[in-house]
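No hydrogens, no waters, no symmetry mates; every other heavy atom, side chains included, goes into these values.
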Amino acid sequence: MWVNLLTHILNRKDGRGIHATPRAIVLDKLGKQLVQWPVKELETLRERAVHITGKLLKQGSLLEVPNITAAQADLEVTFRISKLKEAEEKFDPKWTDPQLLCSQKEARVKGVVGPFGLFTLVSKGLEEYTAVCFRIFKDGGKYVVLMCSDQSRSSLDSTKDKTTYGTFVGVVPLHEKLSLRTLFSYLIPYPRI
């Protein structure tokens, strides 16, 4: 997987980038989607673990993960949704493009179930952040899970690339927990100009 370097830092648009974290790629349980997960060898790079379990998060609440640096982190989070049957937001069958849907329903737009997930690369006062989050919709008798990486608030500078990414995730939240692993780092070297 290729990651573009921060072209605004380099002040160039020449396609410079790096290869992302090595990942294992497997088919999901239903055999319909590819699932990516960092390779097991990365576990040896983890220095200290922070465990927070059994926290009930209400809509709009924030929980800061203590004892991690803003420069580099490997976060693994699991969500179990309580009262899912009671909270149903109807899925529109016209929503076929998950990236477009994530752009329209930014992390700031409240839904019935979601958005919930992580704010990464957060500035003081929450002026800048990247949200990696889930939303759950109801489509007839089944659930549709949308996962987004929303960079719309990643910078106050309007000239920066703030592309939002999204995908539909093949899980059944009524029976399965939603797991998310995010690795981020400011420690990518780049030339000073």
Ignoring hydrogens, what is the shortest heavy-atom contact between Thr96 and Pro98? Give both atom names and the distance. O-CD, 3.4 Å
Rounded to the nearest 0.5 Å, what separates atom OG1 in Thr130 from atom CG in Leu118? 11.0 Å
Could you walk me through whether Val77 and Val65 pass the side-chain contact (heavy atoms from CB on, under 4.5 Å) test, one step at a time? CA-CA 11 Å; Val77 185; Val65 179; over 6 Å; no
Mark yes or no for whether Lys162, through its side chain, and Ser155, through its backbone, hold a donor-acceptor pair below 3.5 Å. yes
If I take atom NZ from residue Lys90 and atom CZ from residue Phe137, how far apart are they, to the nearest 0.5 angstrom? 13.0 Å
Not counting sequence neighbours, list each pair that qualifies as a salt bridge (charged side-chain N to carboxylate O under 4.0 Å, His left out) and has a residue in residues 111-121. none
Under 3.5 Å donor-acceptor pairs involving side-chain atoms of residues 145-152, not counting sequence neighbours:
residue: Asp150; atom: OD1; partner: Ser152; partner atom: N; Å: 2.8
residue: Asp150; atom: OD1; partner: Ser152; partner atom: OG; Å: 2.6
residue: Asp150; atom: OD1; partner: Thr164; partner atom: OG1; Å: 3.4
residue: Asp150; atom: OD2; partner: Ala107; partner atom: N; Å: 2.7
residue: Asp150; atom: OD2; partner: Ser152; partner atom: OG; Å: 3.4
residue: Gln151; atom: NE2; partner: Thr163; partner atom: O; Å: 3.0

Contacts satisfying salt bridge (charged side-chain N to carboxylate O under 4.0 Å, His left out) that involve residues 51-66 (not counting sequence neighbours) are none
Using a 4.5 Å cut-off on heavy atoms from C-beta on, say whether the side chain of Val109 contacts that of Arg135. yes
For a quick test of your reading: what N or O donor-acceptor pairs under 3.5 Å do the side chains of residues 169-179 make, sequence neighbours left out?
residue: Glu176; atom: OE1; partner: Lys29; partner atom: NZ; Å: 3.0
residue: Glu176; atom: OE2; partner: Val172; partner atom: N; Å: 3.0

How far apart are the closest heavy atoms of Gly111 and Glu89, and which atoms are they? CA-OE1, 3.3 Å
Tell me, please, which residues at least two apart from Phe116 pass ring pair (Phe, Tyr, Trp, His ring centres under 6.0 Å). Phe79, Phe134
Scan residues 108-129 for pairs that pass salt bridge (charged side-chain N to carboxylate O under 4.0 Å, His left out), counting only residues two or more places apart or in two chains. Glu106-Arg108
Spacing of Ile136 atom CD1 and Ile81 atom CD1 [to the nearest 0.5 Å]: 4.5 Å
Let me check something: do Val113 and Phe91 share a hydrophobic cluster, defined by ILVMFWY side-chain heavy atoms less than 4.5 Å apart, either directly or through other members? no
Check whether Leu156 and Tyr129 end up in the same hydrophobic cluster, where Ile, Leu, Val, Met, Phe, Trp and Tyr are linked by side-chain heavy atoms less than 4.5 Å apart. no
